[in-house]
Amino acid sequence: MTALAYYKENKERFLSELIELLRIPSVSADSKHKGDVVRGAEFIRQKLSEAGTDVAEICKTPGHPIVYGEKIIDATKPTVLIYGHYDVQPPDPLELWDSPPFEPVIKDGKIFARGASDDKGQMYMHIKAFECLNKTGSLPCNVKFMIEGEEEVGSSHLEIFINENKERLAGDVILISDTSIISNDHPSITVGLRGLSFVEVELTGPNRDLHSGIYGGAVDNPINVLCKMIADLKDEKGQITIPGFYDDVISYNDVERRLINEAPFDLEDYKSNLELDEVSGEEGYTTLERIGIRPTLDVNGIWGGYTGEGAKTVLPSKAYAKISMRLVPNQDHEKITKLFADHFQRAAPKSVKVKITLHHGGQAAMISTDSIGYKAAAAAITDAWGKRPIPTKEGGSIPIVALFQQVLVLDSILLGVGLNSDAIHSPNESFGLYNFYTGIETMIGFHEHYAAMMERE
Ligand code: BES
Ligand code: MN
Ligand code: MN
């Protein structure tokens, strides 16, 4: 039996297994779910083992576990290292979900659940593609799996793990499905990801909350100050005002920019999907460029004062915000974080004290289209989706990709098949059944093309 025939015979079971996995609330950010994250790891370990890996083990870390598996058929054959994550973002706000986040439902050809697309559904395609190849005796290369439980919280223990296991993780290419395609009619392969610097700021004004009548107008309000300071971080052209912020940003020539804008993109669809009358961003750049090749800064959360029911007249002592900066290749996230912190401290009026906490971050990634890995991915997409893929630069971040390059000296192929409309990190996250199934076919094809192309080298 061929791997594809095996897939066709078993695809309903593959989907029910994914549903089982989606029922596990493996929220890495929430310590309440520590046990569920372990259950998620155990599920993956068992499925790897059932699919026929020689090794399938749980590697404990001071944080959440990493699942490692491998099948070595022949040491002289190429090795594909598959990376994915089984942890998910918190499902909040719960009241905005049409069905509970950890009770998957299938509706309109999609499966709805937290993690459906990011990344359980996409990661699981690889385990099932491996099963199809292995159980039919047609695995053409060695395969290693490294599935982590801390991607959504910064992968700090994975960084240690790869440094400590360089030999065990040796391979020829890394394969990841944790990104999106343009649309099912326009399959694409991600060749760029943005980096990330994430900081939290705390402003303290008076030593305690005050009556906003007795003191209002005479004492600076830290929330007002914070709003002004945040507003000042961008100018009227949408450029970030932090001195030195753009120093290392690569500029693209007209030919490269034309190429980026040749990707199919309908601004009207984009706006109507978001129910927006207008898009906005850095002046002089298109939406695709703003996402793909330009850095940006956004407040991700802001709080302080009284937010409960009714009115409470209070001039708060403290104000807080969480701020992300999305970075482009060549910008160093640690340098940018420092530039931000210095600038924000300097920009604050004497009436407030500023405290800045650094969170996880990471470098941007750039992937070459000249490698065998990319060519094998393009061939696999062409077979499964019936169209040649378009290389795209995406705005999201997978910081570990740059570390794989640095520590393991391995390029990653970003063969994600999600859609931007999957609503990852949002309520009602979903993953198309067509994407799940076509994704499995794509991953089977990747191994076949990759092994054949490596052989010819
Ligand atoms: N899978 C996403 C990243 C992504 C999604 C890249 C879509 C491109 C297209 C990943 O799980 C994620 O959410 N990453 C975080 C960063 C991380 C350090 C928390 C992000 O981009 O915010
Ligand atoms: Mn992800
Ligand atoms: Mn994510």
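Atoms within each ligand, like the ligands themselves, are counted from 1 in listed order.
Of all atoms in ligand 1, numbered sequentially from 1 with element shown, those under 4.0 Å from a heavy atom of Asp118 are 1 (N), 2 (C), 11 (O), 13 (O). Atoms of ligand 1 found under 4.0 Å from any heavy atom of His85 (numbered from 1 in listed order, with element): 11 (O). Listed by atom number, the atoms of ligand 1 under 4.0 Å from Leu193 heavy atoms are 6 (C), 8 (C). Close approach of ligand 1 to Ile424 is summarised as follows: ligand atoms under 4.0 Å from at least one heavy atom of the residue are 5 (C), 7 (C). Close approach to Pro399 involves these atoms of ligand 1, each under 4.0 Å from a residue heavy atom: 18 (C). For ligand 1, the atoms closer than 4.0 angstrom to any heavy atom of Arg326 are 20 (C), 21 (O), 22 (O).
The Mn ion (ligand 2) has no N, O or S atom of Glu151 under 2.8 Å away, backbone or side chain. Backbone or side-chain N, O or S atoms of Asp118 reach the Mn ion (ligand 2) at under 2.8 Å.
Judged by the shortest distance from any of its heavy atoms, Arg194 lies outside the 4.0 Å radius around the atoms of ligand 1.
In terms of N/O distances under 3.5 Å, ligand 1 is not approached by Glu394. Between Glu152 and ligand 1, at least one N/O pair is under 3.5 Å apart. Taking distance alone, with nitrogen or oxygen atoms compared against 3.5 Å, Ser180 stays at or beyond that limit from ligand 1. On a distance-only criterion, His360 and ligand 1 share no N/O pair closer than 3.5 Å.
With respect to the salt-bridge test (charged N to carboxylate O, under 4.0 angstrom), the residues Arg290 and Glu282 do not qualify. Using a 4.0 Å cut-off between a side-chain N of Lys or Arg and a carboxylate O of Asp or Glu, Asp254 and Arg258 do not qualify as a salt bridge. A salt bridge links Lys128 and Glu17; the closest N-O separation between the charged side-chain nitrogens and carboxylate oxygens is under 4.0 Å.
Ring centroid separation for the pair Trp385 and Tyr434 comes in under the 6.0 Å cut-off.
The Mn ion (ligand 3) is the vertex of the angle joining OE1 of Glu152 and NE2 of His425, which measures 90° to the nearest 10°. Draw a line from the Mn ion (ligand 2) to OD2 of Asp178 and another to NE2 of His85, and the angle between them is 90° (to 10°).
For the ring-ring contact (aromatic ring centres under 6.0 Å, His included) with Phe145, the qualifying choice from Phe130, Tyr124, Tyr83, Tyr86 is Phe130, the only one to do so. Among Leu274, Asn273, Asp266, the single residue meeting the side chain to side chain contact (heavy atoms under 4.5 Å, CB included) criterion with Tyr270 is Leu274. Each of Ile242, Asp247, Asp332 was scored for a side chain to side chain contact (heavy atoms under 4.5 Å, CB included) with Leu339, with one residue passing: Ile242.
Heavy-atom neighbours of Met453 CE from other residues, nucleotides or ligands within 6.0 Å: above the threshold of 12. Counting heavy-atom neighbours within 6.0 Å of Lys271 NZ, excluding the residue itself, gives a total above 12.
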Could you walk me through whether Lys32 and Asp30 pass salt bridge (charged side-chain N to carboxylate O under 4.0 Å, His left out), step by step? CA-CA 5 Å; Lys32 249 194 354 269; Asp30 188 345; 3.1 Å; yes
